[in-house]
Amino acid sequence: MKKIALLFAFVVGLVQAQAQVRGGINFFKGTLKSAFALAQAQNKPLFVEIYAIGCPHCENFKKTFDANAKVGAFYNKTFINYQLEVNSPEAKAFRQKHNIYVLSTPLMSFWDKDEKLLHIQSAGDEQNNEAYIINMGERAINPQMQSATWKSYFKQGMNDDNFLIEYAYTCRLLCDTTDNLAAMRTYAQKQKPEVMSSPTNFVVLQKIIMDDENPLFINMMNHLEEFNKKFGAQNVKVTAENIIMYSLYCSRAQQYLPEKFTQMKEYLRRLGIDEQSIRGRFVWTESTILFKAGKDIEAANLIDAFCKNVKQIDKKDAAFIENFVKTKTTNSAALEKLDWIFKKK
């Protein structure tokens, strides 16, 4: 046992010596599990950069991480450091375990030695400088600044605009839709009419809001011409569509009333979406609700009407529809209504 401990200490010392020669951050070479074991052994937090191959922002950060002596000195002293490629099996398992949704790369995350999240944030080229990177690490180890404490601050009533934006964005990263919606509604309610259409609030709509009932979204839909002129019609269309789709495909959609779907469809029409495309986006959610309500024939009619307007249903589509329907109902009349689709297999 003593020999193993001495060997481990030797390996750690060798790695640290290599980092000192290179001058930048020493990223542990091995598995993430081993990196956490090293964090345990040294009683240090762990910095995990989630990056993507081919990401230009990640490449730019790599240059800073590798070459900046002050960044290297701070991170090597304070953290065990690890790089995780976003699409690797290891990253997918880690993201699933901790409900991490990667909106953009690089994504910087900081963990205690017991794999509890301390801090997480996306970073872009504007943050790629010595002062910001060191400050980011300092925030991660400061209980008053790290994102792990923000939920309690929000519950205590903190509602500064910058805090609400940062907290709601973090909620998106951690798949906390409930608090994302709550923080963004608090934020929107604070906005004066003259700033509802500001560049900052358009970025908030683009990157943070997931709720088509948010006042900022409703304001955008009621002032499309103004938004199109200021931010570009295509940018506005993509932003609005994304928010509508978030709202349609979330779990709370199962509680929507028909009037809600009518309003969402009207939003899409205002954006120039054709009727068949609109039907295609809603048919599975609406039919699921109808099946759950015991309205099997009505649900089958909805699917039938949509499919009759599809130019071609291939075998894969037919198999999907059959599986979808047969997991929702055993009603013979409903199944017979859609038998023509199943036979296309």
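Please read these numbers as outputs of a predicted model, since none were measured by experiment.
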For K308, check side-chain hydrogen bond (donor to acceptor under 3.5 Å, both in side chains) against everything at least two apart and list the hits. D304
Just jot down the side-chain hydrogen bond (donor to acceptor under 3.5 Å, both in side chains) partners of E90, sequence neighbours excluded, or say none. Y82
By side-chain hydrogen bond (donor to acceptor under 3.5 Å, both in side chains), E115 pairs with (sequence neighbours left out) K97, H98
Does any non-hydrogen side-chain atom of Y187 lie less than 4.5 Å from one of N201? yes
Run the salt-bridge test on E275 and K265 with the 4.0 Å N-O cut-off and return the result as yes or no. no
For F324, what residues pass the ring-ring contact (aromatic ring centres under 6.0 Å, His included) criterion, not counting sequence neighbours? W284
Output yes when D112 and K116 qualify as a salt bridge under the 4.0 Å nitrogen-oxygen rule, no when they do not. no
Does any pair with a residue in residues 143-171 pass salt bridge (Lys or Arg N to Asp or Glu O under 4.0 Å), and if so which ones, sequence neighbours excluded? R139-E166, K151-D176, K151-D179, D161-K190
Using the test ring-ring contact (aromatic ring centres under 6.0 Å, His included), find all partners of F306 that sit at least two apart in sequence or belong to another chain. none
Under 3.5 Å side-chain donor-acceptor pair for Q276 and R279: yes
Is any NZ, NE, NH1 or NH2 atom of the basic residue among E266 and R269 found under 4.0 Å from an Asp or Glu carboxylate oxygen of the other? yes
Quick check on E194: does its CD atom have over 12 non-hydrogen neighbours (other residues, nucleotides or ligands) under 6.0 Å away? yes
Residue pairs, two or more places apart or on separate chains, that pass side chain to side chain donor-acceptor pair (under 3.5 Å) and touch residues 322-331: D296-T329, E322-K326, E322-K345
Among all residues two or more places apart in sequence or in another chain, which pass the side-chain hydrogen bond (donor to acceptor under 3.5 Å, both in side chains) test with E298? none
Side chains of S277 and D274: is there a donor and an acceptor less than 3.5 Å apart? yes
Can you tell me which residue pairs pass the salt bridge (Lys or Arg N to Asp or Glu O under 4.0 Å) test with a partner in residues 140-150, sequence neighbours excluded? none
Pairs in or reaching into residues 117-144: which pass ring-ring contact (aromatic ring centres under 6.0 Å, His included), with residues at least two apart or in two chains? H119-W150
Side-chain contact, heavy-atom cut-off 4.5 Å: I133 with Y75? yes
Under a 3.5 Å cutoff, is there a donor and acceptor pairing between the side chains of Q40 and D114? yes
Using the side-chain contact (heavy atoms from CB on, under 4.5 Å) criterion, which residues pair with I53? Sequence neighbours excluded. Y51, E85
Less than 6.0 angstrom from the centroid, inside 45 degrees of the normal: does R172 satisfy that with respect to the ring of Y246? yes
Sorted by chain and number, sequence neighbours left out, side-chain contact (heavy atoms from CB on, under 4.5 Å) with S122 holds for S104, L107, Y169, L173
I want to check a possible cation-pi pair here: K113 against F36, using under 6.0 Å from ring centre and within 45° of the ring axis as the test. no
Is the number of heavy atoms from other residues, nucleotides or ligands within 6.0 Å of CD (E336) greater than 12? no
